[in-house]
Every structure is written in structure tokens, then in C-alpha cells.
Asks: 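Pasting in a structure now, in C-alpha cells, and then I'll have a few things to ask.
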There are 2 protein chains.
Amino acid sequence: MNTPAKPRKSSHAATLADVGRAAGVSAMAASAVLNGARTSARISEETRDRILEAARQLNYRPNATARALTSRRMNTLGLATTLNREELNQYFLEVFTGVVEAGAELGQNTTVFALEDWHRQASRIPSFCDGRIDGLILLAPLLDDQEAQQLPDHTPILSIHSNVIIPGVINLESDEEAGAQAMVTRLLEMGHRRILHLAGPNHSLGARRRVAGYLRAHEQAGVEPPPDHVVEGEFHAESGRRRLTQWLEAHRGEELPHAIFAGNDAIAMGCVDVLVARGIQIPQQMSLVGFDDTQLARSARLASVRQPLRELGQRAARLLVASVDAKLGEGQPPAATNLVLPTELVDGATLSAPRPGPLRIT
Amino acid sequence: MNTPAKPRKSSHAATLADVGRAAGVSAMAASAVLNGARTSARISEETRDRILEAARQLNYRPNATARALTSRRMNTLGLATTLNREELNQYFLEVFTGVVEAGAELGQNTTVFALEDWHRQASRIPSFCDGRIDGLILLAPLLDDQEAQQLPDHTPILSIHSNVIIPGVINLESDEEAGAQAMVTRLLEMGHRRILHLAGPNHSLGARRRVAGYLRAHEQAGVEPPPDHVVEGEFHAESGRRRLTQWLEAHRGEELPHAIFAGNDAIAMGCVDVLVARGIQIPQQMSLVGFDDTQLARSARLASVRQPLRELGQRAARLLVASVDAKLGEGQPPAATNLVLPTELVDGATLSAPRPGPLRIT
DNA sequence: CTGAAAGCGCTAACAT
DNA sequence: ATGTTAGCGCTTTCAG
């Protein structure tokens, strides 16, 4: 692997005109043959062969940008997301994989637009819709109504887990409140009482829904939620570590919670770090459950609430392609309903009956 | 979130001509103002303002494909990779994040081309280089010399962890053999003797290098590697599960290995499943180490060999952009050397001294 | 059956 | 200081 890289020939790619010239025909004869479709290609067998041969020899590839200029189609889907600089985003990876998969089946590529922050960079979104993509998926956007109004309307847009209703934009999500409620009910039924919920940020609709599920589970079980047991934070491990540490410091000497319901898997992984460092055994002394069931959770054997993230990505890609087709006059637009997919509980090694005796926070 | 999605206006985006018309000037006056650069834009303050105002009102966005047609630049990098349908690819996520990060700093987007198999789909690669991207990164390509010859030469290409030398293509990698050797040496020094290596596929150069490191470590320690302790497999968890299960079946009644050196983290995670299912305690009864130090490993507290994957991605993006710039006559091409970054050992909870007594495979 | 012409939206020459 | 012209590579009428 240590051959000095020879400068590669930077020959321009062959054009249709080149192919035509080589085959002794016009460029559009070549076009007619090489796109194989549309024009009632009544080119004679013989010239067709000459053209194909010339194309092969010149290694002809149609230029996507030129083609897009007329066809108004790049066969590319856009996926806008925030990517934390510190931590990899497993939630993104799950959805992204679904988009890429389903997109590939429909002949679409996927390009990723990485935002640092939805609010600060909302103004960049229209610039994504500049012809390079045919449709855009907003992944867990945090926009306010005002920003939502600014979205361009010449490119089909679709959102996953949006925190606001965006007029004209289909939204896909899963039933987070039900999932949270089911998980907390499960904990309560196992006998856990002091359940600490390390939630996501309040400006996230999903985070609020998980809190709602937590509260409703208590209500339905006729259990008073312990005071001060819902903590707002961010959806990443570092936040989980920090918030849990702070919370434990602030409640030193009190009874340790029986279980932690983390707002997502990343937060849960942060909790693992803190608990391990303090020698608190999972799940013997404390149960821990997450949310999302990302691959991270599965590999750590974390009990979690499964959201069908990959399927959300797949569906998003398919619906978006249908919208693009419809806009270009091919086929009907998808029935523009918002989709809510079910969640389900996933078992893991971090969940067990509450510890028999009391344990104080040190 | 259940508002029926109103069909959005599918108005075409405004063009320069539209802006010019609205401002009462020609399209190229508008162009001169709105691109802000190049042409000695000696447009009068007054018309400049009219144009800017019109652009704002019409919500003008330059069309990327039209622009690319003349500028020959889309400001987009391509990343070609295989994405397993069954398992998420953490290795990909790490590198990808690096590419996106560094690319974004240079104003580049990243588009992903998902291949199912390098050999079967090698012929698709040239079609990625059709003007939609300015440069292409091949991530861990498995190509033969013949296929490498077919790569187009009008688009700058760069590889990460390539298994063959591709003339004219810069390759970035890390010192896998040294990393493997260091890790196995570490195990040997701790007293482990029967070290099982669940390797990747032989057609992968990286897999072969890890095997080489395993063997060299034994050699340098003057330890004869136990027979039949290197097993070829694939670089994913399912393969790890299957190979380890098969190997244990085939060696029933013999002494259990002291440690497993997995060819990558995914394989190691597969081993965890099998060992847990058999009640073999990690690390008390068996140590386990991986390779790559992906986030999966970190969250599972797996000891591993760290490759600077994110940095490989960042460097790849920066070098590729430099190549693209150079090809367009802006700046010098990067010194075309292949880069080998160092690896390092990462501690974890899965590594300890060998068990005191013998233990038979059941 | 095939070629000529026009245009997608933008930009870079050259004219005014 | 502004407008005209031509062309990037491809496709789609419309003439031959």
C-alpha cells in the first residue's frame, strides 16, 4: 500500500456529442439510443450498434446535472439531521439505514445535510432544496411555527418525529407516550416505586410525550409519582452522566431510586457509566431502562422501548419518492396522512425486581 | 400531529430570469449581484438593491444543477460503502461522521452510495461519478485489480482501508497489524495462552493483517500458537455467533480458550451473546477483546484496538476536497502519499487475568 | 429513420 | 454600468 499515487488523467468524461461524433451520428441519435426509452427510438439496428459500441469505447456516462436540468430530477433524497460533534448519533444511524435501503430499491441516493442546531441553522434548509435533491426528510426537527413557514414549497418535504405540525408536510412518528406508559407500568407492576425519569429537553415534543407516559402510568396505577423524580436534560450520554450525577449529589442521604427510566438509550448508557463508577449494581440494586432500542441498547442488553426506527426511515423514503413522482406528474400523491407506528417493550439484562432492602444515596 | 397534510403549492422555484424581470434588469445583472463575486460586479448601488429585494421577495435560490453544469462542481462528496441489511454498520457510522464533519467545514455535502457487495456491484461505481459528486471515497473496498482498473479517472477518488493498491488513488488506513500484535502481546503478557482469534474474511487485507499481528505476537513471545485457534469468518455479529458456536461444538471436551481476540467489535458482540447464553463469565472465565473501538465497544465496555476511524473520515474528506480543488485549477494537489495512522489499545471490562483453573468446553 | 433547433438555469465572455 | 450572446450536456419537439 505504499505506491506513490500517480496523478490520474483528469480527462473529461465523454459527452453525447463525443459519442455521436465517434459513431458518425448526431448527439440526439445517441441520446435516443442510450436512454433507451421515451423518444420513439426508431433508430436502425445498425446505427444503434455503432452508437452503443462508441459509447462503450469512450466509456460514456450520462451527466447527472445536465440531465437534472431538463428532467428536474436527481434521483436523490435529502436527509437533514443534527449530528452531535461529540457522540455518534445511533438514532440517526437506524433511520438513515432505513432511508438508504428503501431509497436504493427505488433507485434513489441519499444525501445527508448535517445541521448543528435546528433553530440556529433553520435558514439553511431552503438552500438544500436547490435542485440537488428531489425531496427532503427532516429528521426530528425542532422548529417553531415561524421557521416551519419558511420551508420552501417547491420541493416535497416530509418529517420524522417533528415537534410541530408543519402545514403540508407529512409527519411519521411512533407512539411514544404509549411506549413510555407501558414501560413505566411494567416497572410499577414489578414493584418499583421510586422511578427516576431522566428526560430529554422540554422543547422536544417526544421528550414531553415520554414524560406524559411516565405520569399517566403512575396515575393509572394509583401511585403518586415521587417528588422531584423527573429531570430535564438532553438526548445524549454526556447529559445522562451529568444529570444523574447532579441529581445524586443533590439527594445525598435519601433513598436511592429503584429504577431509572432514561429518556433515550444514550442517556441510559450515560447512567451506566455513573452507576458502575459508584459501584451500584445493575439490575440487582437498580433497574435501568432506555428508549429507542438502538443497536447500542441491544448490544448492552439494555431493556428499552422499541421504536421502529428503520421502518420509519423506509416508509419515509417510499412516501417521499411517491410525492416526488406525483409532483412530476407520475402517479398519485400519497394519501397525505400522518403515520403513527406502534412501539413495543424490549427486555434486557438491566431490568429486574426491585432490591429487597432500602439503600441510601452516598 | 393529525392534521391532514394540505397539498403544498408546487410552484417552481424562482430563477435568475424571474428575479431580473421583477427588478427590471437582465438575468446576468442579477447573477452578478447574487453571486457577489467573480465578475467585476460594478452594478450601481441602486439596482443592486432592487435586485436583492426582488430576490428576497421571490425567495430566490440558485439552482445547484444548473450551476454545476458550468462550474463543474456540486460541492458534494460521495461515500461508497456496503451496508449490511441485517446489522447496522458501526464502522461506517464512525467514518461517515468524520467525513460529514470535515466536509461541512469545507462547504461540502456528503452523499452515500450503498452497495450490497463490492464485487457484484463494482460496475455501478463509475455511474456514481456522473457529475453529481465532485469526488468519491471508497470505504473499505474489496476490489480486485481488474475492477480497480475500471474506476473512472475523471473524478478524484480516494480509498480508506482498501484491500488492493489502486493506481492513482490515495489510500488511508491504520496500522492494523501493529494494533493486533500489541493486543495479543498484551494478552500473552497477562498469562493467556489459548487465544482464539475469530478473524474476518481472508479476502480482506485488514483481516489478514490482524491474523498476521496475532501470529507475530506469539512468535515474538516465543509462544507456539495453539492449533486450530484462528477461524475465518465475516465482519459482523451474526458471523461471530455462528463461528464461535461451531467452534465450541467442534472442540467439545477440550480446554476452553482463555481469551477471544475478535476480528472486530461486531464479532466480539456476537461472542458476548454466545458466552452469556452458555453461562461463561466475562472476564472471570474468559477474556474478550475486539477491534476498531466503535461506539458499540465503548458502550459495552469492551476492550478493543482503537482505530482513529473518525479521523480517517475527516482526513479523507479534506484530502479529497484538495484533490477536487486542484483538478479545477485551484491550489496544488495534495502530496499523494498513502497515510497510515497509528492504532492504540483501549481498556475495558472484558479483559482480565486468565482464570486460575482449567475449564472444559461443554 | 435521422438531424436541426430550442431550452432547462446559470455563468463567462464580449458588446454596448 | 448594464445588456447580448453563447454554451455547459442533455432532452424534446418538429422537420426533413
Asks: What string of B, S and - do you get for nucleotides 4-9 of chain D, 5' to 3', if B is base contact, S is sugar-phosphate-only contact and - is no contact with any protein heavy atom under 4.0 Å?
Replies: BB-BBB
Asks: Axis-to-axis angle across the helix from C:dC1-D:dG16 to C:dT16-D:dA1, five pairs an end, to 10 degrees?
Replies: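 Axis-to-axis angle, ends of the helix: 50°.
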Asks: Measuring to OP1 and OP2 of C:dG9, would you say a side-chain N or O of B:Ser31 lies under 4.0 angstrom away?
Replies: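 It does not, given that no N or O in the side chain of B:Ser31 lies less than 4.0 Å from OP1 or OP2 of C:dG9.
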Asks: Just the rounded figure in Å: distance from P of C:dT2 to CZ of A:Arg21.
Replies: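 Distance check: A:Arg21 CZ to C:dT2 P gives 19 Å.
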Asks: How many Å lie between CG on B:Leu328 and C1' on C:dT11, as a whole number?
Replies: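 Rounded to whole Å, this separation is 15 Å.
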Asks: So, are A:Asp49 and A:Arg56 salt-bridged, with charged N and O less than 4.0 Å apart?
Replies: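 No, A:Asp49 and A:Arg56 are not salt-bridged.
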Asks: Which atom pair, heavy atoms only, marks the closest approach of A:Leu69 to B:Ala66?
Replies: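 Minimum heavy-atom separation between A:Leu69 and B:Ala66: CD1-CB, 3.6 Å.
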Asks: Whole Å only: how far is the CE atom of B:Met74 from the P atom of C:dT11?
Replies: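 Taking atom P of C:dT11 as the reference, CE of B:Met74 is at 14 Å.
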Asks: Could you pull out all residues at least two apart from A:Arg120 that satisfy salt bridge (Lys or Arg N to Asp or Glu O under 4.0 Å)?
Replies: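 Counting only residues at least two positions away or on another chain, A:Arg120 forms no salt bridge (Lys or Arg N to Asp or Glu O under 4.0 Å).
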Asks: Whole angstrom is fine here: how far is it from CG in A:Asp130 over to P in C:dG9?
Replies: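 It is 13 Å, rounded to the nearest whole Å.
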Asks: What pairs with A:Arg124 under salt bridge (Lys or Arg N to Asp or Glu O under 4.0 Å), at least two apart in sequence or on another chain?
Replies: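 Result, salt bridge (Lys or Arg N to Asp or Glu O under 4.0 Å) vs A:Arg124: none returned.
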Asks: Please give, in whole Å, the distance from C:dG9 P to B:Arg73 CZ?
Replies: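 After rounding, the gap between these two atoms is 24 Å.
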Asks: State which residues pass salt bridge (Lys or Arg N to Asp or Glu O under 4.0 Å) with B:Arg61; sequence neighbours excluded, sorted by chain then number.
Replies: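 Testing B:Arg61 for salt bridge (Lys or Arg N to Asp or Glu O under 4.0 Å), a comparison that skips the adjacent residues, returns none.
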Asks: Taking distance alone, no hydrogens or angles, what donor-acceptor pairs closer than 3.5 Å link side-chain atoms of residues 94-103 of chain B to residues at least two apart or in another chain?
Replies:
{"from": "B:Glu94", "atom 1": "OE2", "to": "B:Gln295", "atom 2": "N", "distance (Å)": "2.8"}
{"from": "B:Glu94", "atom 1": "OE2", "to": "B:Arg298", "atom 2": "NH2", "distance (Å)": "3.4"}
{"from": "B:Thr97", "atom 1": "OG1", "to": "B:Leu93", "atom 2": "O", "distance (Å)": "2.7"}
{"from": "B:Glu101", "atom 1": "OE1", "to": "B:Gln314", "atom 2": "NE2", "distance (Å)": "2.7"}
{"from": "B:Glu101", "atom 1": "OE2", "to": "B:Arg310", "atom 2": "NE", "distance (Å)": "3.1"}
{"from": "B:Glu101", "atom 1": "OE2", "to": "B:Arg310", "atom 2": "NH2", "distance (Å)": "2.6"}

Asks: Please report the closest heavy-atom contact between A:Gly131 and A:Met74, naming both atoms and the distance.
Replies: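 Shortest heavy-atom separation between A:Gly131 and A:Met74 comes out as O-CG, 3.2 Å.
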Asks: Using whole Å, report how far CG of B:Leu34 lies from P of C:dT11.
Replies: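 Atom CG in B:Leu34 sits about 9 Å away from atom P in C:dT11.
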Asks: Decide side chain to side chain contact (heavy atoms under 4.5 Å, CB included) for A:Asp130 and B:Arg67; before the verdict, give the C-alpha distance in whole Å, the side-chain angles of both, and the deciding distance to 0.1 Å.
Replies: CA-CA 10 Å; A:Asp130 60 357; B:Arg67 204 171 238 184; over 6 Å; no
